[in-house]
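In the text below, chain A, chain B and the rest are named by the order of the sequence lines, each starting its count at 1.
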Number of protein chains: 2
Amino acid sequence: MRYAYNVYEDRCPTRMVLDRLADKWALLILDRLEDGPVRFNHLRRDIKGISQKVLSQTLKKLERDGLVTRTVYPTVPVTVEYALTPLGRALGETAAALTHWAEHNMDAILAAQAAYDAALAER
Amino acid sequence: MRYAYNVYEDRCPTRMVLDRLADKWALLILDRLEDGPVRFNHLRRDIKGISQKVLSQTLKKLERDGLVTRTVYPTVPVTVEYALTPLGRALGETAAALTHWAEHNMDAILAAQAAYDAALAER
DNA sequence: TCTCCTTAGTATCTATTAGAAACCATGTTT
DNA sequence: AAACATGGTTTCTAATAGATACTAAGGAGA
């Protein structure tokens, strides 16, 4: 074992983290924050399809994990800015790798799915 | 836009893929298969805490996406071997990056969580 | 003034899913 | 005959995801 933790172990704290990061919305948020701070409703509009509740919940979890910061500006109406911490920035790159991999290899996956479904239907 | 797909768009097929990959169990399976083919029950024993149902379902999805192959050997009892495809191998590296990041940065995250919870309790 | 718009959320309800546990078929070993 | 191995499927329940509606505080327009 190279680290003090082992993600294959049940009850290892890394499992909690993996569970948190292995979340579509969390990855999209981390990815989106890579270019700098973004406000709540801006995130909501950019990440198409996310609901306010889920965005709020996910940001809260990411903040608790020390991956994003939440800064409130006493403007009217109040604006709240979310930004990556150094820890979050490191992870954001990995998140970006995943999302970009999906964009890049989409055609191959769609082809594989079509082939799989065709083989199933033929049997 | 650098690719034909954009993961920020609702209804973009990459969203389906991201949803698939943003799954704790899928990432652990891809990670575990990096060193070569592994049998069903072997996976089940190595990835602590996964149920047979979820393992079976997740493998089926990964196979449909063209990320793993399923090979049946007519031994008694039958053995079934799962392996990464070239496409899956590329993704496995990213999956490994995520799981290893979790193992490596666990202490920082636990500290952040403790600080967050302490600040909450104090308010 | 009254209504609508913005901000950033919370509350509530339902439909889907995740997970636990039991079951299945086939065949070998004890 | 009973127990164990293989690789699953079935069933049930508890937790979660997502949609929708609501909140509060203030600015702008009619």
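- Residues that satisfy the side chain to side chain contact (heavy atoms under 4.5 Å, CB included) test with B:E63, not counting sequence neighbours, are A:Y116, B:V68, B:R70.
- Residues passing the salt bridge (Lys or Arg N to Asp or Glu O under 4.0 Å) test with A:E9, sequence neighbours excluded: B:K48.
- Considering only residues two or more places apart in sequence or on other chains, B:P77 meets the side chain to side chain contact (heavy atoms under 4.5 Å, CB included) condition with none of them.
- By the side chain to side chain contact (heavy atoms under 4.5 Å, CB included) test, B:A97 is found to be paired with A:T94, residues two or more places apart in sequence or in another chain being considered.
- Closest of all the heavy-atom pairs between A:Y73 and A:V78 is O-CG2, 3.3 Å.
- Residues passing the side-chain hydrogen bond (donor to acceptor under 3.5 Å, both in side chains) test with A:D117, sequence neighbours excluded: B:R64.
- Across B:V7 and B:R15, no two heavy atoms sit closer than the pair O-NE, 2.8 Å.
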Problem set entry | Protein proximity profile, nucleotides 11-16 of chain D - base contact B, sugar-phosphate-only contact S, no contact -, cut-off 4.0 Å on heavy atoms | B-----

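- If you measure from atom CZ of B:R70 to atom P of D:dT6, you get 15 Å, rounded to the nearest angstrom.
- Across all strands shown, A:Y73 has no heavy atoms under 4.0 Å from either base or sugar-phosphate atoms.
- When all heavy atoms of A:R32 and A:I47 are compared, the pair lying nearest together is CB-CD1, 4.3 Å.
- Interatomic distance, A:L98 CG to A:K24 NZ, rounded to the nearest 0.5 Å: 14.0 Å.
- Going from atom CD1 of B:I50 over to atom P of D:dG7 covers 14 Å, rounded to whole Å.
- Residue-to-nucleotide proximity on DNA chain C shows that, of A:D19 and A:F40, the 5′-proximal contact is made by A:F40.
- Interatomic distance, CD1 of B:I29 versus OH of B:Y82, reported as 9.0 Å (0.5 Å rounding).
- When all heavy atoms of B:P13 and B:Y5 are compared, the pair lying nearest together is CG-CE2, 3.6 Å.
- Remark: A:R20 pairs with A:D65 by the salt bridge (Lys or Arg N to Asp or Glu O under 4.0 Å) rule, at least two apart or across chains.
- Within residues 56-66 of chain B, the residues having any heavy atom under 4.0 Å from DNA chain D are, by residue number, B:S56, B:K60.
- Partners of A:A112 under the side chain to side chain contact (heavy atoms under 4.5 Å, CB included) rule, at least two apart in sequence or in another chain, do not exist in this structure.
- B:A22 and A:L27 get closest at one heavy-atom pair: CB-CD1, 3.9 Å.
- Phosphate proximity of D:dT6 to B:R45: present, with a side-chain N or O under 4.0 Å from OP1 or OP2.
- Here the OG1-CG distance, from A:T85 to A:L67, works out to 5.5 Å after rounding to the nearest 0.5 Å.
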For this session: Between protein and nucleotides 22-30 of chain D, map the contacts as a letter string: B base, S sugar-phosphate only, - none, heavy atoms under 4.0 Å, written 5' to 3'.
Result: ----SS---

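- Contacts of A:R39 with the nucleic acid, taken as non-hydrogen atoms under 4.0 Å apart, involve only primed sugar atoms and P, OP1 or OP2.
- Listed here is the closest heavy atom pair of B:D31 and B:A96: OD1-CB, 3.5 Å.
- Note that the first and last nucleotides of DNA chain C, 5' to 3', having any atom under 4.0 angstrom from a heavy atom of chain B are C:dA18 to C:dT28.
- Between A:R44 atom CZ and D:dG18 atom P the separation is 15 Å, expressed in whole Å.
- A heavy atom lying under 4.0 Å from DNA chain C marks none of the residues of residues 22-34 of chain A.
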